[in-house]
2 protein chains.
Amino acid sequence: MNARDYPRPSVSVDLVVLTIVDAQLRVLLVKRKIPPFKGSWALPGGFVRVGEGDDQGEDLDAAARRELQEETGLGPDRVFLEQLFTFGKAGRDPRMRVITVAYYALVRPDLAPLVRAGGDVSDAEWVEVSALEKMELAFDHRDIAQAALERVRGKLDYSDIAFELVPVTFTIPELRHVYAIVAGREVDPGNFRRRFNRMMENGVLEKAPGKRITVSKPATVYRFKRAS
Amino acid sequence: MNARDYPRPSVSVDLVVLTIVDAQLRVLLVKRKIPPFKGSWALPGGFVRVGEGDDQGEDLDAAARRELQEETGLGPDRVFLEQLFTFGKAGRDPRMRVITVAYYALVRPDLAPLVRAGGDVSDAEWVEVSALEKMELAFDHRDIAQAALERVRGKLDYSDIAFELVPVTFTIPELRHVYAIVAGREVDPGNFRRRFNRMMENGVLEKAPGKRITVSKPATVYRFKRAS
DNA sequence: ATAATAGTGTCTATTAGACAATATCCT
DNA sequence: AGGATATTGTCTAATAGACACTATTAT
């Protein structure tokens with residue numbers, strides 16, 4: 001018996017798009033305008049395009065980027081995107097067997113306002129992640145979002161993902177706020193500065209011209225060092 | 001247009017089954033007896049069973065456990081199994097679009113000899129992971145195996161997975177060998193013992209009766225504390 | 001007795017965390 | 001001048017790593 005003859009599942013990509021706006025970690029939710037769960041909030045996503053014959057269709061990562069573009073208008077540049085986990089429990093979609101490859105994306109806060117609803121979406125909104133627990137999302141999307149949060153919080157301290165949630169130029173206190181907001185607790189300014197300085201010594205960052213004007217003492221502005 | 005009408009991919013699970021035998025970290029490879037890549041070494045795996053109509057078929061985890069059982073004879077007990085990553089590049093299977101959800105499994109060394117070939121498999125062998133680089137495996141299975149190794153090595157120091165590669169009762173030096181073999185470098189006996197003692201204080205382990213007889217001073221035997 | 005390995009102890013370097021103190025800028 | 005925040009400095013605790021040393025068993 002040939003594999004071609006087995007029934008096949010549909011495969012989708014779903015996106016947990018995160019950003020920080022108004023000192024809150026937020027996830028992008030869209031309102032579904034087609035069944036099932038019509039009218040419910042859901043993660044942006046859609047089916048992976050699978051070709052027939054010679055053309056086998058698009059890669060998974062490409063499908064994730066395409067959905068991000070289509071449903072939110074966020075272009076492929078400057079958006080961090082990484083595969084999260086694959087959710088494939090039987091029955092998670094009432095219509096038919098759907099296996100979804102979940103991704104999470106990190107959007108710089110200056111790009112967040114540019115998001116607009118598109119595709120099969122009637123509305124898009126940045127929702128505080130703390131509100132997720134009490135919300136009803138379509139399918140198992142709440143579980144997916146929670147998994148993304150765990151991943152991001154877990155990677156915060158041993159990876160560079162915090163830099164994806166800050167504008168291209170940023171101050172040390174701004175970066176510290178990202179850590180505080182994502183981790184959900186205060187971060188000591190002095191201790192954080194030490195950690196930051198150790199990163200600096202590795203040469204991935206450099207000072208940018210100018211100072212950030214705030215209500216008090218302006219802070220030094222940094223940016224990523226250009227690959228030269 | 002309904003999602004039902006799009007062409008769908010086949011979805012498989014592939015397993016990176018690891019164990020330690022003869023002081024080597026080894027991965028289980030099977031010889032394919034059907035095309036494509038007939039006669040090549042490959043990871044054990046197979047297609048996820050997807051139902052039609054009301055029955056949506058088996059969960060992804062269940063598919064992984066079933067394939068493990070079918071192709072190797074390893075029962076579901078005492079085998080650690082965790083989803084790794086989903087590989088879905090177009091063209092990775094020459095026949096048709098196949099998206100594979102990769103899992104990795106850790107097998108206690110005392111169970112490793114019980115493995116026997118089954119299913120669509122004519123032979124099964126525990127291959128040293130160091131030999132993988134130079135081997136040609138079917139599909140993108142070498143990439144999948146490498147990803148599993150990275151995951152296991154990365155989790156070694158902040159999780160309990162090392163205990164999955166040791167018999168039910170074990171000595172501190174035996175556990176230390178697991179760390180050394182997986183990490184690929186010597187581990188200081190004294191320093192390791194300190195770390196181990198900290199684990200002990202958390203109460204997940206207890207002394208087991210008897211001593212392990214070796215060529216010199218016998219070592220104390222430990223085991224996991226029964227959930228009581 | 002000796003070899004071998006289990007097991008203990010010591011020293012140093014690194015890092016996180018709590019927290020005090022100072023510097024600089026806006027109003 | 002005063003408030004706020006950036007920035008620097010100090011102290012303690014936890015941990016990893018290198019390495020010397022002692023204990024116990026088989027031969």
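Proteins get letters first, then strands, A, B, ... in listed order; numbering begins at 1 in each.
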Between atom [atom1] in [X] and atom [atom2] in [N], what is the gap in whole Å?
X: A:Asn191; N: C:dG17; atom1: CG; atom2: C1'; answer: 5 Å
X: B:Lys207; N: C:dA6; atom1: NZ; atom2: C1'; answer: 12 Å
X: B:Asn197; N: C:dG9; atom1: CG; atom2: P; answer: 11 Å
X: B:Lys211; N: C:dA6; atom1: NZ; atom2: P; answer: 12 Å
X: A:Tyr179; N: C:dA16; atom1: OH; atom2: C1'; answer: 14 Å
X: B:Met200; N: C:dT8; atom1: CE; atom2: P; answer: 11 Å
X: B:Asp188; N: C:dC11; atom1: CG; atom2: P; answer: 16 Å
X: A:Phe192; N: C:dC19; atom1: CZ; atom2: C1'; answer: 18 Å

Nearest-nucleotide 5' precedence on DNA chain C, B:Arg193 against A:Thr214: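 Closer to the 5' end of DNA chain C: B:Arg193.
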Looking at A:Lys155, I want to see if its NZ is surrounded by more than 12 non-hydrogen atoms of other residues, nucleotides or ligands under 6.0 Å.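 Enclosed.
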Does a side chain donor of either A:Arg194 or A:Asn197 reach within less than 3.5 Å of an acceptor in the other side chain?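 The answer is no; no qualifying pair exists.
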Would you classify [X] as touching base, sugar-phosphate or nothing, given that sugar-phosphate means primed atoms plus P, OP1 and OP2, and contacts are heavy atoms under 4.0 Å?
X: A:Arg176; result: sugar-phosphate
X: B:Thr171; result: nothing
X: B:Pro189; result: nothing
X: A:Arg194; result: base

First locate atom CD of B:Glu150, then atom CG of B:Leu84, and finally report the distance between them rounded to the nearest 0.5 Å.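 It comes to 9.5 Å.
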Going through the distances and angles, do B:Arg223 and B:Leu205 end up as a side-chain contact (heavy atoms from CB on, under 4.5 Å)? CA-CA 6 Å; B:Arg223 70 170 162 219; B:Leu205 300 174; over 6 Å; no
What nucleotide among C:dT5, C:dC19, C:dA16 has an atom nearest to a side-chain atom of B:Val215?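 Comparing C:dT5, C:dC19, C:dA16 against the side chain of B:Val215, the answer is C:dT5.
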Where does the chain A footprint on DNA chain D start and end, counting 5' to 3' with a 4.0 Å heavy-atom cut-off?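 Span of nucleotides near chain A: D:dA4 to D:dT8.
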Does anything in residues 180-221 of chain B pair up under ring pair (Phe, Tyr, Trp, His ring centres under 6.0 Å), and if so which pairs, sequence neighbours excluded?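 For residues 180-221 of chain B: B:Tyr179-B:Phe192, B:Phe196-B:Tyr222.
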Is the distance between the ring centroids of A:Phe170 and A:Phe224 under 6.0 Å?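 That pair passes the under 6.0 Å test.
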Look at the rings of A:Phe139 and A:His141 and say which category their plane angle falls in: under 30° parallel, 30 to 60° tilted, over 60° perpendicular.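 A:Phe139 vs A:His141 ring planes: tilted.
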